[in-house]
Amino acid sequence: MMRSSEPGTIYEAMGGAEAVRRLVEAFYPKVQQNELLAPLFPEDIEPVMEKQYMFLSQFFGGPSLYSDAFGHPMMRARHMPFPITPERANAWLGCMREALEQEVEDPELRKVILERLKGPAYHFVNQP
Ligand code: HEM
């Protein structure tokens, strides 16, 4: 039998594709309401949501949807066109914390997920 993801991953613990989809759908409306983040994003947020769904699926240990479609993620490089300050990284993580509180029941799992995202978020900071 083919597996599209391994047991013991964040992806599996969350509840797979549908759970990642719900998280992304809870997250971007918060980004669009955030005064530090909103100006960076296009009005049509759907394509960004789709890419984030594909990326987080693989980042959480599920199927490699993003790399299959777009090649190596190079996420820091892809964020270079946007001025990302430490305050914006914190705002991004704050929106994610709220989305997790809404969509993921288990507080331990929420903590694990947020910790996994902190590394990349601060790594993408490219402005003082
Ligand atoms: C640190 C704060 C962050 C800011 C301010 C930020 C902002 C942005 C912006 C402005 C875009 C481009 C939207 C467009 O297409 O016009 C983007 C794309 C994206 N971001 Fe972030 N981001 C942050 C952190 C993260 C993190 C932590 C992740 C995942 C671990 C992430 C994953 C993505 C993905 C997958 C895309 C789509 C890339 C593509 O175009 O293929 N971002 N982000």
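The first residue in the sequence is number 1, and the count goes up from there. For ligands, and for the atoms within them, numbers begin at 1 and follow the listed sequence.
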Any donor-acceptor N or O pair under 3.5 Å, side chains Q58, Y11:
no
Nearest non-hydrogen protein atom, [atom]:
{"atom": "atom 40 (O) of ligand 1", "result": "K51 NZ, 3.2 Å"}
{"atom": "atom 7 (C) of ligand 1", "result": "F41 CZ, 3.3 Å"}
{"atom": "atom 22 (N) of ligand 1", "result": "H79 NE2, 2.9 Å"}

Could K51 and F70 be counted as a cation-pi pair, given that NZ or CZ must be under 6.0 Å from the ring centre and within 45° of the axis?
yes
Measure from NZ or CZ of R76 to the centre of the six-membered ring of F124 and say whether it is under 6.0 Å with the direction within 45° of the ring axis.
no
Verdict with supporting geometry, Y122 and W92, ring pair (Phe, Tyr, Trp, His ring centres under 6.0 Å)
CA-CA 10 Å; Y122 292 120; W92 192 102; over 10 Å; no
Taking the side chain as everything from C-beta on, heavy atoms only, tell me whether [X] gets closer than 4.5 Å to [Y].
{"X": "N126", "Y": "F82", "value": "no"}
{"X": "M14", "Y": "I113", "value": "yes"}
{"X": "F59", "Y": "V20", "value": "no"}
{"X": "E50", "Y": "V24", "value": "no"}
{"X": "M49", "Y": "E46", "value": "yes"}

Using a 4.0 Å heavy-atom threshold (strictly under), name the region of [X] that reaches ligand 1: side chain, backbone, both or neither.
{"X": "L40", "result": "both"}
{"X": "M54", "result": "neither"}
{"X": "F59", "result": "neither"}

Go through ligand 1 atom by atom and flag the ones less than 4.0 Å from a non-hydrogen atom of [X].
{"X": "A89", "value": "1 (C), 2 (C)"}
{"X": "P42", "value": "14 (C), 16 (O)"}
{"X": "L117", "value": "30 (C)"}

Return a yes/no value for R78: is any of its N or O atoms, backbone included, closer than 3.5 angstrom to an N or O of ligand 1?
no
Which residue from [options] reaches closest to [atom] through any of its heavy atoms?
{"atom": "atom 32 (C) of ligand 1", "options": "Q52, R76, R88, M49", "answer": "Q52"}
{"atom": "atom 12 (C) of ligand 1", "options": "Y122, F82, W92", "answer": "F82"}
{"atom": "atom 13 (C) of ligand 1", "options": "N90, T85, V48, L93", "answer": "V48"}
{"atom": "atom 1 (C) of ligand 1", "options": "A121, P83, P39", "answer": "A121"}
{"atom": "atom 39 (C) of ligand 1", "options": "F70, Y66, F55, F124", "answer": "Y66"}

If you apply the rule side chain to side chain contact (heavy atoms under 4.5 Å, CB included), what do you find for V112 with I10, and how did you get there?
CA-CA 8 Å; V112 168; I10 286 175; 3.9 Å; yes
